[in-house]
Every structure is written in structure tokens, then in C-alpha cells.
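These numbers were taken from a predicted model, which means no experiment stands behind them.
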Amino acid sequence: MNILLATSEAVPFAKTGGLADVCGALPIELSRLGHKPTLILPAYRATSYCGLPIDPLGIDFIVPIGSKMVTGHLLRSRLPECNAPVYLVQQDQYFDRDELYRADGKDYIDNCERFVFFSRAVLETIRLLDLQVDLIHANDWQTGLIPAYLKTEYAGHPRYEQIATLLTIHNLAYQGVFWHWDMLLTGLDWKHFNWREMEFHGKLNLLKTGLVYADSINTVSPRYAKEIQSAPLGCGLEGVLQHRSNELSGILNGIDINQWNPATDPHLAANYDIETVSEGKPVCKAALQEEVGLPVAQDVPLIGMITRLADQKGLDLVADVIQRWVQEDDAQWVILGTGEPKYHALFGNLAARFPQKVAVRLEFSDPLAHRIEAGADIFLMPSRYEPCGLNQFYSLRYGTVPAVRATGGLADTITGAADDPAEDPSANGFRFQEYSPMALGEMLRRACDAYRRPEVWKQLMTTGMSQDWSWARSARQYVELYETTIKRMRQTVGTGGLA
């Protein structure tokens with residue numbers, strides 16, 4: 001299959017979050033499976049620092065943006081590890097900026113115009129480069145207009161009529177909502193500005209537009225695909241998603257198993273695998289305790305967190321629990337991340353008052369993140385919601401037992417141990433359901449009790465380490481979804497329906 005992945009960011013060209021990891025890794029795995037992926041994204045200022053050759057193609061194009069015509073240019077590169085072509089849409093007025101979507105904490109006021117332009121550019125690139133495309137894989141609100149243009153302005157065009165569309169929701173909370181007059185920028189007829197298509201509480205909603213027009217919709221975990229069909233995680237779009245439930249599915253993200261590999265990780269004090277985890281992991285734990293200033297103690301469970309310090313990540317629960325635990329319980333905590341000032345103050349104060357039990361680094365350090373994944377015994381993720389999550393995958397691979405709230409991708413990946421994990425050989429971690437400090441504390445108590453039973457703990461570690469969370473697994477599922485989507489679209493061509 002010929003797959004065109006349209007995205008607002010992709011590693012190594014530009015990144016603000018997990019979307020970039022998905023769109024940088026998935027094409028590589030699709031290539032290994034014998035398919036022909038192509039990646040297209042804006043040529044931000046950041047792309048010039050990606051370390052890969054980027055060459056101009058000498059091809060210009062002009063697209064309408066409202067009442068004006070805007071010129072763009074095409075650049076070409078390639079993804080590392082495969083020959084998949086990458087096309088970058090250059091329009092310096094829109095994309096030559098310090099950040100991708102915002103500056104000084106505020107979204108760019110012309111974000112709608114920028115991604116109207118990008119969406120039109122994607123479709124024009126197909127014509128200009130004579131690309132053979134079976135399916136366009138769109139991602140998030142920034143590309144939500146692509147399915148709409150295909151079914152309106154490009155409908156019936158021989159080059160485009162056989163192209164199917166898949167829209168992936170990476171986080172439904174970000175929808176691309178703009179004032180209603182930005183509808184003029186899209187160039188689409190005002191008849192589409194209605195509650196069934198593009199309108200959302202009197203405003204233009206680009207993600208909703210994509211959800212309505214795409215042939216298939218998916219998100220980054222099966223559980224999240226179910227959760228967003230009702231409030232509160234539906235974020236106001238639960239009705240649309242319920243209506244499209246037959247075309248909605250979930251596929252878990254994967255991880256780069258070469259970058260996250262305890263057997264070869266250069267950041268660790270000792271390398272290990274599933275056979276040597278009992279020897280290598282204690283060395284990594286001792287080195288981490290020493291690095292962050294905690295007492296070196298193998299018999300004390302070390303709880304690790306690498307997170308954005310925000311309510312969405314469950315930090316309000318952690319704040320309640322940790323203040324009691326540091327005074328009553330024999331456990332250590334190491335926390336890495338940045339976020340809301342109230343949590344900076346709280347955790348910084350706890351680290352100063354209880355240096356024997358709490359170590360906090362209010363920063364982000366990739367090498368330290370690797371060492372926490374290897375050195376911690378328990379990795380805590382008590383999120384309010386989590387579309388997929390990545391750190392639980394890293395933890396499983398490193399033999400660090402996840403302790404999570406059963407939501408989204410966390411529920412799909414962590415099989416929670418019962419009261420006695422020795423009775424459940426399939427368990428790879430611990431879970432709690434009710435979003436409360438009491439439920440979190442009870443789960444951590446069960447995890448710490450299990451840690452003090454070496455044979456039970458080793459079973460939990462090795463179960464997780466033996467599982468496959470690679471992008472190869474995810475890519476095979478995407479191939480199946482692409483095939484289903486193409487088949488569905490071609491069966492409905494000519495019916496006049498939206499999808």
C-alpha cells in the first residue's frame with residue numbers, strides 16, 4: 001500500500017509531544033513490512049536543525065486562503081533507517097517561527113490559517129509530485145480539513161477519488177477550535193457550518209470536521225476509544241464519536257526498542273536483560289539513589305515518576321499521599337519533571353524536609369529518565385486520563401513494575417495484580433480505579449508489600465520484560481486498519497455519503 005502520513009510534527013524534524021514519536025516511528029515499521037509510506041509536515045524553523053539533509057525541489061504552488069492566494073514551496077528529505085521520503089511544506093510567513101503552535105504561553109492567533117494552508121498543501125503535493133496514494137493517514141486537528149476537502153472540493157477528481165482517509169486522535173482535548181469567521185479561510189461553503197459537520201457551539205472545530213469526514217477514526221488505545229464516547233473524556237464530541245462508533249477503533253502506540261533497551265542503554269550503571277535483571281537492576285538502583293542523594297538501600301522500595309507536574313497526571317493524588325507516606329512509610333520517591341508552580345513548590349519543599357525519602361529534579365533530562373526507569377522498583381502513573389502513555393512501556397521493558405490508574409492506554413497495557421500477585425502469573429503491574437488518594441494509597445501499599453516478597457516481585461518483573469510493545473506490533477495493526485478503511489471507502493464511493 002501507498003500511505004501518505006500527514007502530520008504537524010514528526011521525529012526527528014519537529015516535536016512537542018507523543019504525536020511526533022508516532023509519526024517518526026510508524027513509517028519506518030511500515031517500510032519494513034513492505035509498504036510504501038510517505039511523510040509530509042510543515043517546514044518549521046526547527047526542521048533545519050534535525051541533522052538530516054533537506055533539499056529544495058524547486059516546486060512552487062499556490063493555494064487559496066480565504067480571499068487571498070498564498071504561495072508555498074516543497075522540500076524533500078528522508079527518514080533515517082529507511083528510504084521513506086519526507087516532504088516538508090515551506091511557507092516562512094506561517095512556519096518560520098521559534099515554536100510550532102504557540103509563543104509566550106499563548107497559541108498563535110493565525111493557527112487556523114496556518115493549518116488550512118498546510119491541509120491544502122498536502123492535497124496539492126499529491127498532484128504536483130504525481131504521488132500514488134491509497135490512503136492519507138491524518139493526525140489530530142491540524143490535518144482535520146484534509147478528509148473534508150477530499151469529499152467536497154476534490155470529490156470526483158480522478159486522481160483523488162480512490163484515496164481513503166484515516167484520522168488518528170492523539171489527545172481529544174486539543175480540537176482546533178476557532179471563531180466562526182475563520183470558516184472563510186477554509187474556502188468551504190457555509191452550508192457545511194452546521195452542528196452535524198464543522199460547527200461546535202457557534203465556533204469552527206477542525207478536529208470535529210475530520211471526525212465527520214474521515215473514512216475511519218482511531219485513537220491510541222482501545223480503552224481510550226471507548227472512554228471518549230461519553231463525558232467527560234469525550235470533551236463535547238462524544239455525540240459525534242458515538243455516531244461514528246462503527247468506524248472508531250484504538251491501536252496502542254509502540255516504543256523504540258533500540259533506544260529503550262536495558263541490555264545496551266549507555267546511560268545505565270549496569271546493563272541487563274531478562275536473564276540478568278536480578279544482578280543488573282540492583283546496581284542501577286544503588287547508582288540512582290546515590291546520584292539523587294537518597295540513602296542506598298536495596299530493601300526499601302523506590303517509587304519513580306517521570307511526568308508533567310499537572311492535575312491531569314494525577315499529581316493532586318500524589319501530593320496527598322506522599323505527604324503522609326514520608327512520615328509513616330518506609331519507601332523512597334524520585335520525581336523528575338516540570339509543570340505547575342504549586343507542584344514545584346510542594347515537591348521541592350518535601351525534598352528539602354525529607355531528603356532521606358524524597359528526591360526531586362524540576363527539569364527534564366533524558367539520561368536521568370533512563371536511569372530512573374532502570375533504577376526504580378515501582379513506576380507510578382496515577383493519571384486522570386491517559387490516551388496511551390509511554391512510560392509504562394519503558395518500565396515494563398526495564399523490569400520496573402508499573403503502578404497505574406486503570407484509564408486509557410494504562411488499562412490496556414497493565415494487568416493489575418490481585419491482592420496476592422503470586423496467584424496471577426499474567427500480572428505485570430498494579431492498578432487502581434477510583435480517582436482518590438485512598439485508592440492510590442491502597443494500591444501502593446499492595447505494591448510495596450509485594451516488593452518485599454522477592455520471588456513474587458521477580459515474577460512481575462520478568463512477565464513485563466517478556467512482552468512485546470514494539471512499533472512492529474503497532475504497525476501490523478495499522479496495516480490491517482488501512483486495508484479495512486480502503487475497502488470500506490471504495491465500497492461507498494458514489495453513494496454520496498460523508499463516510
Quick one: closest heavy-atom pair of [X] and [Y], and the distance?
X: Val401; Y: Gly429; result: CG1-CA, 3.7 Å
X: Leu252; Y: Pro222; result: CG-CD, 4.1 Å
X: Leu233; Y: Ile228; result: O-CG2, 3.6 Å
X: Asp311; Y: Glu340; result: N-OE2, 3.5 Å
X: Asp215; Y: Ile163; result: OD2-O, 4.4 Å
X: Leu75; Y: Ala43; result: CD1-CB, 4.0 Å

Are any side-chain N or O atoms of [X] and backbone N or O atoms of [Y], one a donor and one an acceptor, separated by less than 3.5 Å?
X: Tyr44; Y: Ser8; value: yes
X: Arg223; Y: Leu410; value: no
X: Arg308; Y: Lys313; value: no
X: Asn428; Y: Thr463; value: no
X: Arg196; Y: His192; value: no
X: Gln392; Y: Leu390; value: yes
X: Glu199; Y: His201; value: yes
X: Asn139; Y: Ala6; value: yes
X: Ser221; Y: Gly409; value: yes
X: Gln175; Y: Cys235; value: yes

Inspect the contact between [Y] and [X] and indicate whether a charged nitrogen and a carboxylate oxygen are less than 4.0 angstrom apart.
X: Glu197; Y: Lys151; result: no
X: Glu373; Y: Arg397; result: no
X: Lys203; Y: Asp182; result: no
X: Asp134; Y: Lys36; result: no
X: Glu99; Y: Arg45; result: no
X: Asp55; Y: Arg76; result: no

Stepwise side-chain contact (heavy atoms from CB on, under 4.5 Å) test for Val404 and Thr413
CA-CA 10 Å; Val404 308; Thr413 51; over 6 Å; no

Does the ring of Tyr435 carry Arg405 above it, NZ/CZ under 6.0 angstrom from centre and within 45° of its axis?
no

With a 4.5 Å cut-off on side-chain heavy atoms, are [Y] and [X] touching?
X: Pro27; Y: Leu5; answer: yes
X: Asn205; Y: Leu237; answer: yes
X: Phe178; Y: Leu206; answer: yes
X: Ile136; Y: Ile126; answer: yes
X: Leu172; Y: Tyr224; answer: yes
X: Asn253; Y: Asp21; answer: no
X: Leu123; Y: Ile146; answer: yes
X: Leu248; Y: Gln229; answer: yes

Once you round to the nearest 0.5 Å, how far does [atom1] of [X] lie from [atom2] of [Y]?
X: Arg446; Y: Phe432; atom1: CZ; atom2: CZ; value: 10.5 Å
X: Asn171; Y: Glu386; atom1: CG; atom2: CD; value: 8.5 Å
X: Thr209; Y: Tyr149; atom1: OG1; atom2: OH; value: 9.5 Å
X: Asp256; Y: Ile28; atom1: CG; atom2: CD1; value: 8.0 Å
X: Thr168; Y: Asn218; atom1: OG1; atom2: CG; value: 3.5 Å
X: Ile251; Y: Arg476; atom1: CD1; atom2: CZ; value: 12.0 Å

Going by distance alone, is a donor N or O of one side chain under 3.5 Å from an acceptor N or O of the other, for Glu9 and Tyr101?
yes

Between the side chains of Glu227 and Thr407, is a donor N or O closer than 3.5 angstrom to an acceptor N or O?
yes

More than 12 heavy atoms of other groups within 6.0 Å of Tyr154 OH:
yes

Whether over 12 other heavy atoms sit under 6.0 Å from His180 NE2:
yes

Can you classify the ring geometry of Phe95 versus Phe118 as parallel (below 30°), tilted (30 to 60°) or perpendicular (above 60°)?
perpendicular

Could you go through His137 and Tyr478, starting from their C-alpha distance and side-chain angles, then the distance that decides it, and tell me whether this counts as ring-ring contact (aromatic ring centres under 6.0 Å, His included)?
CA-CA 10 Å; His137 184 168; Tyr478 269 106; 5.4 Å; yes

Could you go through the side-chain contact (heavy atoms from CB on, under 4.5 Å) check for Thr7 and Val22 one step at a time?
CA-CA 10 Å; Thr7 179; Val22 175; over 6 Å; no

Does the side-chain contact (heavy atoms from CB on, under 4.5 Å) test come out yes or no for Gln467 and Phe393, once each step is laid out?
CA-CA 9 Å; Gln467 295 172 328; Phe393 297 133; over 6 Å; no

Could you please spell out the steps behind the side-chain contact (heavy atoms from CB on, under 4.5 Å) verdict for Glu247 and Arg488?
CA-CA 10 Å; Glu247 295 83 38; Arg488 179 191 300 123; 3.9 Å; yes

Applying ring-ring contact (aromatic ring centres under 6.0 Å, His included), run through Tyr87 and Phe13 and close with a yes or a no.
CA-CA 11 Å; Tyr87 296 106; Phe13 299 96; over 10 Å; no

For residues Phe61 and Phe117, establish whether the separation of their ring centroids is below 6.0 Å.
yes

